[in-house]
Protein chains: 2
Amino acid sequence: MSERQRGPRERMVFSAAQLIRRDGVNATGMREVAAHAGAPRGSLQHYFPGGKEQLVGEAVAWAGRYAGARIGRFVEGLSGPTPGALFAAMAAQWTEEYERDGFVTGCPVAAATVDRAASDEVTRAAVAAAFTAWRTPLAEALTAMGVPADRSADLATLMISTLEGAILMARAEQNVRPLTAVVRELGPLLDAAVTRPA
Amino acid sequence: MSERQRGPRERMVFSAAQLIRRDGVNATGMREVAAHAGAPRGSLQHYFPGGKEQLVGEAVAWAGRYAGARIGRFVEGLSGPTPGALFAAMAAQWTEEYERDGFVTGCPVAAATVDRAASDEVTRAAVAAAFTAWRTPLAEALTAMGVPADRSADLATLMISTLEGAILMARAEQNVRPLTAVVRELGPLLDAAVTRPA
DNA sequence: GGCCGACTATGACAGTGGTCATAGTAGCGA
DNA sequence: TCGCTACTATGACCACTGTCATAGTCGGCC
């Protein structure tokens with residue numbers, strides 16, 4: 001989650017995503033984002049003339065691209081590339097973060113959905129796009145692993161749904177148990193969907 | 001979701017849950033809750049001297065009890081009581097609501113988790129308790145259906161996680177597809193966990 | 001009646017939110 | 001040096017938040 005932070009604009013988008021991850025959209029102030037990014041307050045209206053809606057939208061889009069790009073790196077890192085192993089790797093990213101830093105943050109896309117889906121159509125569309133940016137490469141990876149093409153999309157949805165829910169429960173319980181439980185139960189089931197070994 | 005609404009106090013807790021479901025915790029004002037419940041503003045400090053923290057906590061607890069109690073009614077309504085059928089019934093509650101009323105609301109427990117887990121320890125504990133109040137009867141129902149006792153808790157966690165995530169994605173996409181997809185994929189897998197037919 | 005508790009009704013307060021307006025500065029090409 | 005653009009820096013605005021304080025009303029009980 002730590003990238004090269006070039007311009008102040010990128011830093012602000014990144015900071016917005018981090019703060020939204022922790023406190024939600026509504027509790028994240030624009031001034032707070034600027035301060036967190038070490039950027040001047042005046043830059044907000046300069047880089048984001050569309051206001052908070054624009055900033056949140058870009059933060060969500062960034063998170064979606066990040067999650068999608070991460071899929072490829074997970075697949076590369078697997079010794080035996082199976083759907084269950086991929087799912088375990090996706091979940092492990094969270095268990096490791098939680099065990100290292102505590103249960104402070106969640107998924108920014110989920111936070112934006114909860115806080116904005118009913119009130120802000122622009123952000124809602126951005127969230128939908130973020131999920132698509134995540135699901136599409138995941139489904140492609142499943143197909144490459146031998147999952148029938150007509151099931152890849154559904155299984156990708158299942159994996160993301162389960163992971164999002166497990167993140168939520170882990171934060172609530174302050175325990176990685178939900179994450180390990182879903183990996184233990186869902187992993188083998190995902191592997192059983194492979195009909196043509198890769 | 002429509003109960004007999006007796007006193008103004010219960011109405012306010014119920015209204016709080018409804019508004020949190022739609023807009024999140026931070027975007028739901030105390031005045032708004034009172035107005036939605038048709039209760040006088042002054043009753044807020046009278047019934048909830050602990051302030052918003054108390055009101056949110058009670059709304060979350062109510063939602064947890066509701067979800068837990070609902071499990072029993074789902075099981076009763078099933079012609080063939082299998083884990084997959086139970087999961088389908090749980091998801092159907094949401095698809096029906098979304099198709100009837102639009103994708104306006106989500107799960108209040110999830111909303112409270114996103115908005116308060118990092119900032120308010122009291123509410124975070126209430127959310128954890130709500131998930132437990134949901135998971136426990138679900139796990140018992142699975143055991144009664146023939147799922148091995150040592151897997152019931154994990155499978156209950158898997159079902160709730162997946163459902164929560166699918167709700168999230170359905171709201172984001174404004175489409176029930178994620179809900180139908182996870183039911184289609186996860187249902188048969190859940191049924192396969194039954195070793196001793198009920 | 002008189003009293004007291006439960007509840008209702010407002011008004012005010014301090015704090016914060018996003019946003020706008022305006023002014024200042026730094027760098028650079030001509 | 002001029003002028004232009006990109007960016008920074010503040011201050012102010014209004015709306016709204018949760019909370020508190022105070023006063024009013026209602027109903028039943030001695």
Side-chain angles (χ1 to χ4, degrees), chain A residues 5-60 108 111-112 114-116 118-124 126, chain B residues 5-60 108 111-112 114-116 118-124 126:
Chain A
Q5 297 178 352
R6 279 191 285 264
R9 192 184 197 283
E10 288 180 348
R11 285 207 316 274
M12 281 191 279
V13 173
F14 181 73
S15 288
Q18 279 191 279
L19 295 173
I20 290 170
R21 238 155 76 78
R22 192 185 63 191
D23 298 320
V25 174
N26 291 319
T28 297
M30 298 283 277
R31 294 166 170 83
E32 190 187 0
V33 170
H36 185 273
R41 222 188 80 197
S43 297
L44 283 170
Q45 70 179 290
H46 184 256
Y47 289 114
F48 307 98
K52 190 173 187 176
E53 195 174 82
Q54 180 185 358
L55 178 58
V56 171
E58 297 203 19
V60 167
V114 164
D115 280 350
R116 284 288 193 266
S119 58
D120 174 4
E121 174 58 26
V122 174
T123 303
R124 200 230 90 231
Chain B
Q5 298 177 352
R6 278 190 285 262
R9 192 183 197 284
E10 288 180 349
R11 286 208 315 277
M12 281 192 279
V13 173
F14 181 73
S15 288
Q18 279 191 280
L19 294 173
I20 289 170
R21 241 155 75 75
R22 193 186 63 190
D23 297 320
V25 175
N26 290 318
T28 298
M30 299 282 277
R31 292 166 171 83
E32 190 185 3
V33 170
H36 185 272
R41 224 187 77 197
S43 297
L44 283 169
Q45 69 179 292
H46 183 256
Y47 290 114
F48 307 97
K52 189 172 187 177
E53 196 173 81
Q54 181 185 358
L55 178 58
V56 171
E58 297 203 20
V60 168
V114 164
D115 279 350
R116 284 288 192 266
S119 57
D120 174 3
E121 174 59 25
V122 175
T123 303
R124 199 230 90 231

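Hydrogens, waters and symmetry mates are skipped; everything else that's a heavy atom, side chains included, is used.
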Point to revise | Gap between atoms CG and C1', on L44(B) and dC20(D) respectively (whole Å) | key: 13 Å
Exercise for review: Would you mind reading off the distance between Y47(B) atom OH and dT8(C) atom P, rounded to a whole angstrom?
Suggested key: 5 Å
Revision key, fill the gap. Taken to the nearest whole Å, CD/E53(A) to P/dC20(C) is 12 Å
Check your understanding: Would you find a donor on one side and an acceptor on the other, under 3.5 Å apart, between the side chain of N26(A) and the backbone of N26(B)?
Key -> no
Exercise for review: Starting at atom NE2 of H46(B), determine the distance to atom P of dG18(D), rounded to an integer number of angstrom.
Suggested key: 20 Å
Practice item. Could you check P49(A) against P8(B) and say which one's nearest nucleotide on DNA chain C is further toward the 5' end? Key: P8(B)
Check your understanding: Does D115(B) reach the main-chain N or O of V25(B) with its side chain, forming a donor-acceptor pair under 3.5 Å?
Key -> yes
Practice item. Report the distance from atom CZ of R116(A) to atom C1' of dG17(C), rounded to the nearest whole Å. Key: 11 Å
**Study point:** Out of dA9(D), dT19(C), dA9(C), whichever nucleotide has its closest atom nearest the side chain of P40(B)
**Key:** dA9(C)
Study note, to complete from the structure: Taken to the nearest whole Å, CZ/R41(B) to P/dC16(D) is 14 Å
Revision key, fill the gap. Whichever of R31(B) and G42(A) has the more 5' nearest nucleotide on DNA chain D, that residue is G42(A)
Study note, to complete from the structure: Closest non-hydrogen contact found for P108(A) with I20(A) is O-CG2, 3.9 Å
**Study point:** Between dT17(D) (P) and Q45(B) (CD): distance, integer Å
**Key:** 17 Å
Check your understanding: How long is the line joining CG of L55(B) and P of dT17(D), in whole Å?
Key -> 14 Å
Practice item. State the CE-CG distance between M30(B) and L55(B), to the nearest 0.5 angstrom. Key: 5.5 Å
